[in-house]
Protein chains: 2
Amino acid sequence: MRKFSIGVDFGTLSGRAVLVDVHTGEEVAESVFAYPHAVMEESLPCGTTLGVDWALQHPQDYLDVFAHTIPDVLRQSGISADDVIGVGIDFTACTVLPVRDDGTPLCFLDEYKSRPHAYVKLWKHHAAQSHANKLNETAEERSEDWLARYGGKISSEWLFPKIWQVLDEDEEIYNAMAHFVEAADWVVWQLTGVQTRNSCTAGYKAIWQGAAGFPSSDFFAALDPRLENVVADKLSCPITPIGQKAGGISPAAAELTGLNPGCAVAIANVDAHVAVPAAKITGTGKMLAIMGTSTCHMLLGDDEKVVPGMCGVVYEGILPKLYGYEAGQSCVGDHFAWFVDNCLPAKYHEAAKSKDLSVHEYMSEKIAEISAGESGLLALDWWNGNRSVLVDVDLTGVMLGMTLATRPEEIYRALVEATAYGTRKIIETFENSGIPVDEFYAAGGISRNPVMMQIYADVIKKPIKIAGSPQTPALGSAIFGAVAAGSAAGGHDSVAAAADAMGKLLDVVYMPRRGEAEVYDALYGEYARLHDYFGRGENDVLKFLKEIRKSIKGE
Amino acid sequence: MRKFSIGVDFGTLSGRAVLVDVHTGEEVAESVFAYPHAVMEESLPCGTTLGVDWALQHPQDYLDVFAHTIPDVLRQSGISADDVIGVGIDFTACTVLPVRDDGTPLCFLDEYKSRPHAYVKLWKHHAAQSHANKLNETAEERSEDWLARYGGKISSEWLFPKIWQVLDEDEEIYNAMAHFVEAADWVVWQLTGVQTRNSCTAGYKAIWQGAAGFPSSDFFAALDPRLENVVADKLSCPITPIGQKAGGISPAAAELTGLNPGCAVAIANVDAHVAVPAAKITGTGKMLAIMGTSTCHMLLGDDEKVVPGMCGVVYEGILPKLYGYEAGQSCVGDHFAWFVDNCLPAKYHEAAKSKDLSVHEYMSEKIAEISAGESGLLALDWWNGNRSVLVDVDLTGVMLGMTLATRPEEIYRALVEATAYGTRKIIETFENSGIPVDEFYAAGGISRNPVMMQIYADVIKKPIKIAGSPQTPALGSAIFGAVAAGSAAGGHDSVAAAADAMGKLLDVVYMPRRGEAEVYDALYGEYARLHDYFGRGENDVLKFLKEIRKSIKGE
């Protein structure tokens, strides 16, 4: 008897459900629903305008994802709700909203619906930067020991800067909320009727760690006396490790989704982290890079080590019983898109069109004809700052070696290579800190580009395996759904067993080519030297240029 | 009674005559003749193919310039040959050809006309690079004292590498030539019937210096025993300072040109150098930059000083009785052209077209809207190596500060600024060596771009004056023609007097703007630091990248 699990992946602009066979991993049906409110950056639905760097969402959109996509995958597949044993979800993070004690979002209430701070703050809401800056200064002054776990810097995208902004700018909303909750946990609450919080977002985005818990109330009082009890007042819910069951589908959720009441629902997860078991990774030594506009690196370790400049290390942050390490590169696909939009002559666009290729496909063909070192170019991949190792948003791009004979495809290839050098730098930083990286896995859009993957293999000198599902996060969520159900219900009792049955890799493995790898060894040596020269204070010209630019633009 | 002088400027692809009033400087008529053989890079007229990096010309084309343009300016202006008192010419250099004792080019003879080495080697004939390399090595080993006068390096474009290539590859041609002569001097010979050699090309291109003469026969024997007597055998003609009279129009030349026999002909000159008096510069402290695809800097000094990395210093190389200093930037207009061809999206080309502007005019409008420092970008102007100060062809371009918000016009402006920083570096190098630069003058195509000239003024912090004639070299040659005629014939007795009467400046002066200059002071400081870091051996990554590129391309 076949059993199924549903994974729902909440992205930035849409939600996607995938119905998966828990024994074979077959993805039987899939359904996508675009958020009607998308990302609100200019104004609320009522017309209230938003400030610079704001990015909000409407929580009704998330409920609509459930209401549309789950019935749709059941209908498409003809599978009975009786054979769906579990549901898992993953979400962007830190995407967070204020709710009442019963889970009702404040923005659902007439009295608050014209108040920006009543809405969901999306991960890329950057208007809490000044709060993040003050938080970091205070943490450094007080030598808070948790700071090292986050590479020495708390991002403005994370929970505490965001809630502090609410308090500072709309205290009434702050007072009216019973909980400030990750959207990931909120949608699970809506499915189960019970509030839970997952260890992944708590660990990576809310400065929480199992034994130590959250930062002290002393620390919060030092930020702002009104924040002293923020944890007790607004985050008062036990935190559950990922891989557990949150509860069963509530009667109301059964009506919304067409699933049976009691169907197992997994503790919430984060889109990048949930991809790890979907790529069949269940242990240490295997780094997964999720490569899209930016790249997120996931790695498991047996111990907690200090790795300079990593985005976070969280016990049970990725998989049960292991330390989950996270790192990132803030500019990968975005890098290539910038180049194509700003630096590519018309004839390349025309040639792509005439060959019926996307311009990136065409450029990939062009760069495949160039050997390692042939362009004479070398770049530092800091067009959007450096997220890991140096953790410095004020760094900017560098390129060397241009001549009058330099062609656009050579520049494009140099940008690809630069991101590969950045990945190698992250790998080496982990390895030098005692966290082995024996194998490299890639997922996300860019992992489907054979030319780029070959360059990466040649640069990092490790074989690269590719996640098999085009919907890696949704498949990962289905894996957690099958684990929440357990073997008694026809599912699995561990993430490892579920990943083994349901996870997928492509048949292809990109092997490093010896000749190219030797050239890249030499080029990477030059990259590393310039990385330190421009990134570690020997020559601060990049920051100086950015400062001048800001002062002239009045930023 | 009005008197006139004719200046003939021999460029790379055409020759141009201008008829000028010697008292007012009025350019009365102008005529251009394109060389029928243009530049021969692939094959000779008979079909013989040429090697890589060859660039030849046909000397008949130069005679045809005289035959077409001089009668044409007389006809156009209606001025009688009786009122033309002098002729001056300037030429590209080092452009050089083998001739018989009577001046007949070897390529005019049936027995040699299918032999590539019988033709004119144009300045940009680069096939003697290996000879230049061996020459430089030998000169360094022997610590030849003349090497310092040329920034430590003799170019493959200059006379001795070229004649050595002839000897090495076609000894019969070497033996058949009575003289190896600059085309500049050869055309004067064709006008006067008498061979002369000018101090400008001899000094800058043939390692000659008044008192010391040429390098010793010991040195030439060390290069190749067959070269021991090259000076005595092939260059045996006295060298005359520029500003003198070469002779009078011969009967044959009178027939060719329509000028009167005996009309004064000036000693030959070089296109860049002859522009100096045309911009009214007749003394020290005034730098003239001739700005086109590359930039050539001319400066006069009272003494011979060692200026690190300058292209040459020659007594009476530019004006009589003064030391002429030359420096250069190998990539200026070429830099902007590369960017427009290789890095500019279609919409910029379309916008230019819709405003009926050239794309450079359109980009100039765009960059005029950007302030100093606003782009956040900084570049080193080494896309075609560094010709002066560092004198290193293996240096390549560098750019810093790019972000995902960087726009094409910001990159374009950064390239313009980079060339201005390069100019400031040259100015400071002269000043630090005791050669004052009090005023800055610009000529050439780029001097007509007000946006770029303003950026240059802000960067170098000196007022910039602009040469007034669009045909500065031809006007300069006419000035020397008027001096060759002398006041007795209605001309002038000194270059200074002729320049005063005939030289021209535009009314506009670009003044440095204080606010912009302050920002550029800071940015130039960063430029200078990177210039030394990448250019003086602290980090040789640029050379390393070029080496790798060459080894992979099998160069």
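We use all heavy atoms of the structure for the numbers below, so side chains are in, but hydrogens, waters and symmetry mates are not. Sequence lines set the chain letters: A, B, ... in the order given, protein chains first and strands last, and positions in each chain run from 1.
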> Where is the tightest heavy-atom contact between A/Thr403 and B/Trp338, given as atom of each residue plus distance?
Replying inline: O-NE1, 3.5 Å
> Do the non-hydrogen side-chain atoms of A/Cys331 and B/Leu404 ever get within less than 4.5 Å of each other?
Replying inline: yes
> What part of A/His349 lies closer than 4.5 angstrom to a heavy atom of chain B: side chain, backbone, both or neither?
Replying inline: neither
>> On a heavy-atom basis, which atom in B/Ser371 and which in A/Ile552 lie closest, and how many Å separate them?
In response: CB-CG2, 4.0 Å
>> Using 0.5 Å steps for rounding, measure from the CD atom of A/Glu374 to the OG atom of B/Ser551.
In response: 10.0 Å
>> For chain A, which candidate among B/Ile548, B/Leu523, B/Asp334, B/Asn539 shows the most heavy-atom pairs at distances under 4.5 Å?
In response: B/Asn539
>> Taking NZ in B/Lys153 as the centre, count heavy atoms belonging to other residues, nucleotides or ligands within less than 6.0 Å. Is the count above 12?
In response: no
>> Using every non-hydrogen atom in the two residues, find where A/Ala346 and B/Ala346 come nearest and quote the distance to one decimal.
In response: CB-CB, 3.3 Å
> What part of A/Phe534 is in contact with chain B, defined as an atom under 4.5 angstrom from a non-hydrogen atom: side chain, backbone, both or neither?
Replying inline: side chain
>> So which atom in B/Ser375 and which in A/Arg549 form the shortest heavy-atom distance, rounded to 0.1 Å?
In response: O-NH1, 3.3 Å
> Just wondering, do A/Leu400 and B/Val541 contact through their side chains at under 4.5 Å, heavy atoms?
Replying inline: yes
>> Side chains of A/Glu526 and B/Leu545, heavy atoms from C-beta outward: is any pair under 4.5 Å?
In response: no
> Which bit of A/Leu530 is near chain B, if near means a heavy-atom gap under 4.5 Å: side chain, backbone, both or neither?
Replying inline: side chain
>> Under 4.5 Å from any heavy atom of chain B, what part of A/Phe339 do you find: side chain, backbone, both or neither?
In response: neither
> Of all of A/Gly385, A/Ala379, A/Ala522, which one pairs up most often with chain B through heavy atoms under 4.5 Å apart?
Replying inline: A/Ala522
>> Rounded to the nearest 0.5 Å, what separates atom CG in B/Leu378 from atom CG in A/Leu542?
In response: 9.5 Å
>> Out of A/Trp382, A/Phe544, A/Tyr533, return the one with the most heavy atom pairs under 4.5 angstrom to chain B.
In response: A/Tyr533
> If you count heavy-atom pairs under 4.5 Å with chain B, which of A/Ala372, A/Gly376, A/Ala337 comes out on top?
Replying inline: A/Gly376
> Minimum heavy-atom separation for B/Asp341 to A/Pro345, with atom names?
Replying inline: O-CG, 3.7 Å
>> What I'd like to find out is whether the side chain of B/Trp383 reaches to under 4.5 Å of the side chain of A/Thr406, using heavy atoms alone.
In response: no
> side-chain contact (heavy atoms from CB on, under 4.5 Å) between A/Met402 and B/Thr396: does it pass, once the steps are laid out?
Replying inline: CA-CA 6 Å; A/Met402 292 77 80; B/Thr396 54; over 6 Å; no
> chain B heavy atoms under 4.5 Å from A/Glu538: which part of the residue, side chain, backbone, both or neither?
Replying inline: both
>> Please identify, among A/Gly525, A/Ala405, A/Gly373, the residue contributing the most non-hydrogen atom pairs under 4.5 Å to chain B.
In response: A/Gly373
